[in-house]
Amino acid sequence: MKKTLAPVGILILLLCGQPDVQAWQAQGTEKLAPPVGDALAALGPGEHLTIIATLREQARLDMPPSLARTERIRRVVQALQTHAEASQRPLKSLLTTRLAEGQVSQVTYFWVFNGLAVTATLDVIRELAARPEVLRITPNVTIQAPTPSSGLAQFSLSEYEPNLGVIRAPDLWAFGLRGQGVVVANMDTGVSLNHPDLVAQWRGGTNSWYDPYGEHPTIPIDLNGHGTWTMGVIVGRNAGGTAIGVAPEAQWIAVKIFNDRNRATAVAIHQGFQWLLDPDGDPATPDAPHVVNNSWDLTALGCDLMFQADLQALRAAGILPVFAAGNFGPNASTSVSPANYPEALAVGAVDNSGRIYAESSRGPSACDGSIFPDLVAPGVNIRTTDRYGLYTTATGTSLAAPHAAGALALLLSARPELTVEEQEAALLNLAVDQGPAGPDNEFGYGRLDVLAAYQSLVMHQRVFLPLILKAATVASPP
């Protein structure tokens with residue numbers, strides 16, 4: 001490790017008379033993301049800016065594959081917290097002093113990744129940048145809530161919506177597998193708790209809902225509708241006359257990462273990921289979700305790794321992060337983060353006939369050049385739950401990803417011991433090939449087929465396909 005500035009260094013500055021202030025301030029500026037540098041240049045005297053500092057050393061999360069789920073989560077959380085507490089101690093001391101001086105107005109310390117969010121003056125941010133333990137300083141970016149196209153729901157007389165038949169979810173229901181014993185989390189605009197297709201499946205309690213903004217601290221709510229749409233595809237029942245959810249007996253919990261103005265901040269998203277790993281604050285309690293759905297993106301093409309450590313922590317704990325691939329097609333190289341991380345399961349959209357949705361993002365991944373998306377699922381004219389107990393039809397990869405999250409809930413009902421690698425490989429290896437033969441950058445490894453994945457598991461075939469297992473780390477983006 002590099003050394004921090006020793007007291008003798010300070011003494012030398014004092015003995016030399018006037019220090020080179022500009023040279024001192026320039027230390028660490030290469031760690032500042034360009035938007036941070038621009039914001040600092042415009043910062044007035046005494047004004048504060050919120051930034052996120054990621055530390056150089058992240059926790060090692062190598063865990064024995066044979067660990068039971070509860071013990072795995074406990075060890076991962078403990079490793080993350082212990083590492084963060086030890087490595088952040090010098091910075092806490094510094095920032096406590098700066099807080100008393102009025103140069104810092106707020107600090108949030110994270111352990112899901114080793115870092116912190118600070119609202120502080122220009123001098124303090126530069127001071128942090130000069131610290132050897134700080135790897136980079138990035139802005140507290142704000143993203144807009146996704147809004148896939150929607151319309152009035154078309155009532156169907158069939159027993160279940162056709163998109164569920166496409167992925168063959170009803171075949172698993174016939175075996176008694178409907179998501180029992182599985183908890184699925186949703187990171188979105190919230191969930192409408194008063195919907196008859198969703199209310200019974202909310203796990204309930206203080207460990208089942210999290211609003212990092214504190215606007216709605218106790219009861220699930222959705223003032224936008226998007227989160228209710230995605231949740232309906234995962235666990236919705238049949239109060240409206242047809243079954244609409246892939247895993248109608250799974251329980252759900254949710255993080256409202258978008259505030260009431262439909263904006264999400266990087267700080268709040270980090271807080272959401274951290275809460276998912278330990279919702280009740282006791283790592284020995286097995287209340288973390290089995291699967292997490294993310295139908296959102298950073299809205300800009302390319303690779304931005306700001307949440308990679310969070311996803312690595314989720315996977316280490318046995319939780320597969322499912323992401324919508326994004327609606328930036330039809331051109332190639334339209335992948336977005338975090339879906340294009342190697343740690344994410346990226347899901348593109350097709351219609352019920354298997355035709356690719358025109359706006360579904362295409363690969364290759366901007367992060368590592370791999371196939372993107374990983375697979376596709378129905379995402380065109382999907383009937384699902386809406387606010388006020390109503391229904392809507394919606395289109396976009398936001399609706400495709402919940403099919404995969406629900407499918408994982410069905411598989412985990414049958415085989416709760418599956419590792420994230422086995423879950424991922426089962427879905428990809430048994431997907432129905434679409435487009436050109438083999439994996440491609442429109443359909444990925446093919447269309448989701450949860451029955452085929454299940455059949456491979458009940459035949460005691462541990463499904464591995466080494467070519468599709470993703471690396472734990474990724475090189476710098478091109």
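None of the values given here were measured: they were computed from a predicted structure.
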Can you pull out every side chain to side chain donor-acceptor pair (under 3.5 Å) where at least one residue sits in residues 170-182? Sequence neighbours excluded, please.
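Residue pairs with at least one partner in residues 170-182: Arg178-Glu249.
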Quick one: which residue pairs count as a side chain to side chain donor-acceptor pair (under 3.5 Å) with a foot in residues 430-443, not counting sequence neighbours?
none
Could you tell me which residues satisfy side chain to side chain donor-acceptor pair (under 3.5 Å) with [X], sequence neighbours excluded, listed by chain and number?
X	value
Gln88	Asn114
Ser208	Arg203
Asp449	Arg168

To the closest 0.5 Å, what do you measure between [atom1] ([X]) and [atom2] ([Y])?
X	Y	atom1	atom2	value
Ile167	Leu172	CD1	CG	9.0 Å
Leu427	Ser456	CG	OG	9.5 Å
Ile244	Thr384	CD1	OG1	5.0 Å
Phe443	Leu375	CZ	CG	12.0 Å
Gln58	His83	CD	NE2	6.0 Å
Ile253	Tyr210	CD1	OH	12.5 Å

For the residue pair [X] and [Y], establish whether any side-chain heavy-atom pair is separated by less than 4.5 Å.
X	Y	result
Leu198	Met231	yes
Tyr341	Ser365	no
Met306	Val141	yes
Ile221	Leu193	no

Can Phe258 and Arg263 be said to form a side-chain contact (heavy atoms from CB on, under 4.5 Å), step by step?
CA-CA 5 Å; Phe258 293 93; Arg263 292 184 174 89; 5.6 Å; no
Side-chain donor or acceptor of [X] paired with backbone N/O of [Y] under 3.5 Å:
X	Y	result
Lys31	Val134	yes
Thr419	Glu422	yes
Glu161	Thr242	no
Asn340	Phe372	no
His403	Ile234	no
Arg362	Ser335	no
Thr397	Ala324	no
Tyr357	Thr395	no
Asp211	His216	yes
Asp197	Asn238	yes

For [X] versus [Y], what's the shortest heavy-atom pair and its separation?
X	Y	result
Phe307	Pro338	CD1-CG, 4.1 Å
Ser361	Asn327	OG-N, 3.8 Å
Ile371	Gly444	CG2-CA, 3.8 Å
Gly446	Ala431	C-CB, 3.7 Å

Check against side-chain contact (heavy atoms from CB on, under 4.5 Å), Tyr445 and Asn429
CA-CA 7 Å; Tyr445 286 82; Asn429 196 26; over 6 Å; no
Trp296 and Phe323 aromatic ring geometry - parallel, tilted or perpendicular at 30°/60° bounds:
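Rings of Phe323 and Trp296: perpendicular, over 60°.
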Please tabulate, for the side chains in residues 285-293, all donor-acceptor contacts under 3.5 angstrom to protein atoms that are two or more places apart in sequence or on a different chain.
{"unit_1": "Thr285", "atom_1": "OG1", "unit_2": "Asp280", "atom_2": "OD2", "d": "3.2"}
{"unit_1": "Thr285", "atom_1": "OG1", "unit_2": "Asp282", "atom_2": "OD2", "d": "3.2"}
{"unit_1": "Asp287", "atom_1": "OD2", "unit_2": "Asn207", "atom_2": "ND2", "d": "3.2"}
{"unit_1": "Asp287", "atom_1": "OD2", "unit_2": "Asp280", "atom_2": "N", "d": "3.1"}
{"unit_1": "His290", "atom_1": "ND1", "unit_2": "Val183", "atom_2": "N", "d": "3.0"}
{"unit_1": "Asn293", "atom_1": "ND2", "unit_2": "Asn186", "atom_2": "OD1", "d": "3.2"}
{"unit_1": "Asn293", "atom_1": "ND2", "unit_2": "Ser295", "atom_2": "OG", "d": "3.2"}

Please walk me through it: do Glu417 and Arg415 pass salt bridge (charged side-chain N to carboxylate O under 4.0 Å, His left out)?
CA-CA 5 Å; Glu417 79 284 0; Arg415 294 285 295 275; 2.5 Å; yes
Taking the ring of Tyr391 and the ring of His195, is the distance between their centroids below 6.0 Å?
yes
Side-chain donor-acceptor pair present, [X], [Y], cut-off under 3.5 Å:
X	Y	value
Asp188	Thr230	yes
Ser192	Asp222	no
Gln201	Gln251	no

Pick out which of Val76, Val420, Ile319, Leu320 makes a side-chain contact (heavy atoms from CB on, under 4.5 Å) with Leu314.
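Single side-chain contact (heavy atoms from CB on, under 4.5 Å) partner of Leu314 among Val76, Val420, Ile319, Leu320: Ile319.
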Given Gln274, which of Val112, Leu80, Val77 fulfils the side-chain contact (heavy atoms from CB on, under 4.5 Å) condition?
Val112
Would you call Arg315 and Glu343 a salt bridge, taking side-chain N to carboxylate O under 4.0 Å as the test?
no
